[in-house]
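By convention in this document, chain letters (A, B, ...) are assigned in the order of the sequence lines, proteins followed by strands, and residues within each chain are numbered from 1. Because the structure is predicted, anything quoted here is derived from the model rather than measured.
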Amino acid sequence: MLDPKLLRNDLAGVAAQLARRGFVLDTSAFAAIEERRKAAQVHADRLRAERNANAKAVGFAKAKGQETSGLLAAGEALGAELTAAEATLQGLLTESLALQLGLPNILHSSVPDGRDETANVEVRRIGTPRQFLFEPKDHVAIGGPLGMDFEGAGRISGARFVVLSGALARVHRALVQFMLDMHIRDHGYRETYVPYLVHANALLGTGQLPKFEQDLFAVRGDPGFYLIPTAEVPLTNLVRDQILAADDLPKKMVAHSPCFRSEAGAAGKDTRGMIRQHQFDKVELVHIVRPEESYAALEQMTGHAEAVLNALELPYRVIALCAGDVGFAGAKTYDLEVWLPSQGKYREISSCSNCESFQSRRLQARWRNPATGKPELVHTLNGSGVAVGRALVAILENGQQADGSVRLPSALAPYMAGMTELR
RNA sequence: GGAGAGGUGGCCGAGUGGUCGAAGGCGCGCCCCUGCUAAGGGCGUAUGGGUCAAAAGCCCAUCGAGGGUUCGAAUCCCUCCCUCUCCGCCA
């Protein structure tokens, strides 16, 4: 959510900022609601003050044994008037909030202009794609004989699911352990285990709701849970309604979790293989930081995700997303794209975003700034470190050999009982 | 799932219809005093919102959440959430 004060004081400026994303803010509609809200709030506050004063007068009068019927009648009238005024105000507040919840974050000035992914900017390219002496196969063809089973998954759950078995399942698990260990040992993260079912409120806090409900899986039943689309949701919500001490920052958390996505808007996209699934595993990084440190933290976090790809010997590039491609809650985003030989191109495997105070404002996640002594909003960042399924895909495709076997990166050996290849 | 107890400020804790945003304590900050230290004394110390160009001031809200009763609710009633204890069941 954007700062309501900013919205009130510089509506045109906000509209101009959001226009970079291609988002059209209806300023006149917003200004109109705001004007009515202001009047309604002043009116309701005034009535309430009158009612309170009147009620106090009743107390005094009774204490002195005086006649109170006149005051009681006045109180009753004020009460009725106030009830109506509050209903009006509530309606306007609801309307205004709904509008505000639909607004995406304001982009950082360093975000390049552009409408869609074609305008994204490559920041750096690491590693060299391997030259194959044979026609490289895709991960589905390589994985099949090794225990990657889409048919079995289809019988159980339908399209966009996979069953892994044998050594392949073990590599999948090894990747998780390897990534977690690296982040807690080398990068200073606190390992965290989180719920996979969350309340709507948690999703509102991180920005998936109310706008993107169609991307989520909802669980039937009384408490009305949603399956998490990423561990960013529970991790970031950990600081909801907290006032953190300055010493508590930065907070760096890492969690492994399955992620569940309906992929409602992706019909027909990446239907083959493990690239786009309803369920996939991910190791997620979250930083909770002081505002002045958030952009340094974004570089740091991106570096942590890169370290995983480096250790796995995967060629990749770092992309700065352009204005039109940055997600709803992000102020700036770097994507990491890994080389996939079968497609002859780089594909997203990690996304690292600084959300500034967009999420913390919804979460009321604050810290006490020693400089002011006041609670102020923290900045939140999240990034994949990295997507496990796609890492597995990349390892299979980049490590494949002519005979159908797959050479494993040595970093995984400790987690594979010394196994160096899959065959 | 059954029975019971409870949720008040950074923390502890008092408060069963009126001057209670809330006693007292702890903690924290500033000051005073004591040649250091310990002890002592004074003052201050919630959050959000509105009004305002801004500050001050003023106003409103908040005692787990949401409704209700009432001129007036931390206090009474209802619903829900959470915590704890015992029992049952289970991993």
Side-chain angles (χ1 to χ4, degrees), chain A residues 1-13 30-31 33-101 193-205 219 221-226 234 237-249 251 357 359-378:
Chain A
M1 201 155 74
L2 302 178
D3 184 353
K5 285 202 179 89
L6 185 65
L7 227 36
R8 278 197 284 271
N9 297 334
D10 186 19
L11 187 56
F30 188 84
I33 289 184
E34 171 57 16
E35 197 174 320
R36 287 200 291 150
R37 189 225 97 234
K38 191 183 285 191
Q41 185 151 348
V42 169
H43 182 57
D45 276 2
R46 205 198 69 228
L47 283 173
R48 208 177 289 110
E50 281 178 37
R51 184 207 61 182
N52 290 348
N54 185 264
K56 204 166 266 190
V58 173
F60 277 122
K62 280 204 170 160
K64 292 184 189 152
Q66 295 169 345
E67 167 65 32
T68 57
S69 62
L71 290 170
L72 292 184
E76 204 157 346
L78 279 168
E81 216 180 325
L82 179 60
T83 302
E86 281 179 332
T88 305
L89 175 61
Q90 197 49 52
L92 288 166
L93 285 175
T94 304
E95 203 176 330
S96 172
L97 181 66
L99 222 149
Q100 290 183 52
L101 287 175
Y193 172 81
V194 293
Y196 305 150
L197 297 175
V198 296
H199 288 139
N201 233 354
L203 291 151
L204 194 86
V219 177
D222 195 16
F225 290 119
Y226 289 88
N237 270 274
L238 275 172
V239 293
R240 162 186 293 276
D241 292 328
Q242 303 280 306
I243 300 175
L244 301 165
D247 296 347
D248 293 338
L249 301 179
K251 257 177 128 61
S357 57
Q359 294 179 322
S360 58
R361 184 168 293 109
R362 293 179 175 213
L363 295 166
Q364 282 303 299
R366 295 170 294 173
W367 69 301
R368 199 170 289 276
N369 184 347
T372 62
K374 293 288 176 193
E376 297 172 11
L377 296 172
V378 296

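Side-chain atoms of A/Leu78 and A/Leu82, non-hydrogen and from C-beta on, never get closer than 4.5 Å to each other. Here the side chains of A/Gln90 and A/Glu86 are not in contact, with every heavy-atom distance at 4.5 Å or above.
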message: How would you summarise protein contacts on nucleotides 56-67 of chain B per nucleotide, using B for base, S for sugar-phosphate only and - for none, with heavy-atom distances below 4.0 Å?
response: ---SSS------
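Contacts of A/Gly75 with the nucleic acid, taken as non-hydrogen atoms under 4.0 Å apart, involve only primed sugar atoms and P, OP1 or OP2. Nucleic acid contact for A/Lys62: base, since at least one base atom lies under 4.0 Å from a heavy atom of the residue. Residue-level contact check: A/Pro375 touches the backbone only, with heavy atoms under 4.0 Å from sugar-phosphate atoms and none from bases.
Applying the Watson-Crick and G-U wobble criteria (two distances, each under 3.5 Å), B/rC89 pairs with nothing in any strand. In this entry B/rA39 has no Watson-Crick or G-U wobble partner, no candidate having both defining distances under 3.5 Å. Pairing of B/rG9, defined by two Watson-Crick or G-U wobble distances under 3.5 Å, is not identified with any nucleotide. With both pairing distances under 3.5 Å, B/rG72 is matched to nothing as a Watson-Crick or G-U wobble pair. In this structure, B/rU79 forms a base pair with B/rA65, meeting either the Watson-Crick or the G-U wobble geometry with both donor-acceptor distances under 3.5 Å.
When the C1' atom is used for both B/rG72 and B/rG40, the distance is 44 Å, rounded to whole Å.
The CE atom of A/Met1 sits 8.5 Å away from the CG atom of A/Leu204 when rounded to the nearest 0.5 Å. In this structure, CZ on A/Arg361 lies 7.0 Å from CG on A/Leu2, to the nearest 0.5 angstrom.
Atoms CD (A/Glu76) and P (B/rU70) sit 8 Å apart, rounded to a whole Å.
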